[in-house]
Amino acid sequence: MKTSWRNASLVASAAAVLVLTTACGQEGGTSSVGSQNVGATAAAGGYGGVGSGLGTGTSPSPSSTVGGGQGNLGAQSASAGKLEVSANAELGDVLTDSAGLSLYRFDEDTAEPPKSNCNGDCATAWPPVPANDASAGAGIDKALLGEVTRADGSKQLTIAGWPAYRYAKDTKAGDLTGQGVGGKWYALAPTGKKASVASLPGLSTRNDPNLGEIVVDKNGMTVYRFAKDKAWPEPVSNCTGACLEKWPAVAPVSSNDTKDVQKKGLMSFTRSDGVKQQTVNCSPIYTFAGDKEAGDTNGQGVGGTWYAVRPNGEMVGVSDK
């Protein structure tokens with residue numbers, strides 16, 4: 001009986017602590033982070049690394065095969081065949097080859113004039129798509145298809161001038177494990193642009209090759225915290241005036257419009273200027289004007305006060321005390 005009474009007392013005490021630390025004001029809930037930080041690191045040369053989690057992330061074996069006559073996936077030297085448009089729930093329309101394998105573009109390449117800067121080991125991880133026999137399927141402007149002569153003399157397919165690649169870790173139709181790798185590799189849209197991420201939830205996460213799992217907004221842009229802000233006992237933003245021009249406040253997001261972000265402390269508050277701002281674990285969040293595209297993390301560590309955000313609200317590289 002004494003043991004039972006002691007256990008009941010401990011449970012009651014734990015519950016009391018939870019009530020005190022549930023939320024800064026009005027919202028509560030149970031901590032629920034979709035996955036842990038894997039600490040992924042980009043491979044040498046900036047062309048490898050871990051994908052964003054849109055695909056399976058399984059490395060292909062030398063004997064892996066894909067339907068549609070793709071053959072040995074390790075080499076991925078087959079021609080693209082008739083290109084197709086694949087609808088992806090997170091990226092919108094993505095360009096694929098005839099076997100359904102996603103096609104990518106590389107930020108270090110150029111489209112005007114077309115030039116591939118992925119050679120050697122890079123081309124092993126990101127096999128160039130041969131230009132021979134490639135044709136435009138439904139929804140693709142054939143005028144956008146072209147070719148570029150690579151350093152080894154082979155002809156590579158281009159889309160609106162951008163050299164096209166497959167990714168060695170995509171093992172089956174629909175895989176998108178190369179999306180965002182190294183902050184330089186992105187799925188191709190049928191127009192040759194980067195596939196749109198407009199359909200992302202209001203807040204979600206992605207695995208950055210250098211920072212690990214971080215929070216992004218609906219446009220795939222990295223979300224940051226300001227070390228001079230306060231979260232307890234209620235959120236306070238100390239980024240005002242000109243600061244907000246460089247670090248725009250993230251507008252309120254419904255908790256139902258989030259994915260893999262901790263629910264506890266996920267709330268909005270009214271700033272001193274009357275504008276409502278979103279928080280993660282009660283800490284105000286922002287984007288950075290210096291980030292130009294999804295996958296950029298140029299705000300990390302700026303001024304020793306701005307940091308990307310973990311799904312549980314912690315600042316990347318900073319121990320919250």
Side-chain angles (χ1 to χ4, degrees), residues 47 51-56 66-70 73 76-118 123 126-150 155-201 206 216 218-221 292-296:
Y47 53 79
S52 64
L54 298 177
T56 64
V66 177
Q70 190 66 28
L73 192 61
Q76 289 193 332
S77 60
S79 63
K82 181 176 286 188
L83 302 183
E84 300 174 355
V85 178
S86 175
N88 179 270
E90 296 183 1
L91 294 179
D93 288 341
V94 174
L95 195 63
T96 73
D97 64 13
S98 59
L101 290 174
S102 303
L103 303 187
Y104 299 89
R105 50 177 276 185
F106 185 33
D107 276 358
E108 293 188 6
D109 287 349
T110 59
E112 297 179 357
K115 182 180 179 182
S116 169
N117 290 307
C118 177
W126 300 90
V129 179
N132 61 303
D133 296 331
S135 60
I140 304 169
D141 184 355
K142 64 180 181 181
L144 296 180
L145 274 61
E147 64 180 38
V148 62
T149 302
R150 296 177 50 77
K155 302 291 186 180
Q156 181 176 1
L157 174 68
T158 61
I159 308 296
W162 287 100
Y165 305 82
R166 301 182 182 99
Y167 186 39
K169 290 188 178 181
D170 285 351
T171 63
K172 64 181 184 299
D175 278 358
L176 277 163
T177 62
Q179 174 66 14
V181 167
K184 298 178 181 180
W185 290 92
Y186 297 94
L188 271 164
T191 58
K193 295 182 179 180
K194 298 176 184 178
S196 170
V197 293
S199 59
L200 284 173
R206 72 176 181 85
V216 298
K218 64 181 180 180
N219 297 311
M221 303 301 290
K292 302 304 181 183
E293 297 180 331
D296 285 352

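Predicted model only: the values in this text are computed from it and were never measured.
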Is any side-chain heavy atom of Leu188 less than 4.5 Å from a side-chain heavy atom of Val94? no

What closest approach, in Å, do Gly146 and Ala131 show between heavy atoms, and which atom pair accounts for it? O-CB, 4.5 Å

Would you say Lys82 and Ile140 make side-chain contact, with heavy atoms under 4.5 Å? no

Between the main-chain N or O of Leu101 and the side-chain N or O of Asp175, is there a donor-acceptor pair closer than 3.5 Å? no

Can you tell me how far CG of Leu91 sits from OH of Tyr186, rounded to the nearest 0.5 angstrom? 11.0 Å

Below 4.5 Å, heavy atoms only, C-beta onward: do Leu83 and Leu157 meet side chain to side chain? yes

Tightest non-hydrogen contact, residues Gly161 and Pro114, listed as O-CB, 3.3 Å

I'd like to know if the side chain of Lys142 pairs up with that of Ser135 as donor and acceptor (distance under 3.5 Å, no hydrogens or angles considered). no

Got a second to check how far Asp170's CG is from Thr177's OG1, nearest 0.5 Å? 4.0 Å

Given the side-chain rings of Phe106 and Trp162, with only the six-membered ring counted for Trp, is the space between their centroids under 6.0 Å? no

Pairwise side-chain contact, Tyr167 with Pro127, heavy-atom cut-off 4.5 Å (strictly under): no

Apply the test salt bridge (Lys or Arg N to Asp or Glu O under 4.0 Å) to residues Asp97 and Arg166: give CA-CA distance (whole Å), side-chain angles for both, the deciding distance (0.1 Å), then the verdict. CA-CA 9 Å; Asp97 64 13; Arg166 301 182 182 99; 2.8 Å; yes

Arg206 side chain vs Gly180 backbone, donor-acceptor pair below 3.5 Å: no

Working to the nearest 0.5 Å, report the span between OG of Ser116 and CD of Glu108. 10.5 Å

Walk me through it: do Asp107 and Glu293 pass the test side chain to side chain contact (heavy atoms under 4.5 Å, CB included)? CA-CA 11 Å; Asp107 276 358; Glu293 297 180 331; 3.9 Å; yes

State the CG-NZ distance between Asp93 and Lys193, to the nearest 0.5 angstrom. 13.5 Å

Check whether any side-chain N or O of Glu84 sits under 3.5 Å from a backbone N or O of Gly137 as a donor-acceptor pair, and report yes or no. no

Find out whether Lys155 and Val148 are in side-chain contact, i.e. whether some heavy atom of one side chain is under 4.5 Å from a heavy atom of the other. no

Any residue meeting ring-ring contact (aromatic ring centres under 6.0 Å, His included) with Tyr104, in chain and number order, not counting sequence neighbours: Trp126

Student check: side-chain heavy atoms of Ile159 and Leu145 closer than 4.5 Å: yes

Side chain of Gln156, backbone of Pro128: donor and acceptor closer than 3.5 Å? no

Might you point out which heavy atoms bring Pro190 and Leu144 nearest each other, and give the distance in Å? O-CD1, 3.7 Å

Quick check: does any side chain N or O of Thr96 sit under 3.5 Å from a backbone N or O of Ser102, one acting as donor and the other as acceptor? no

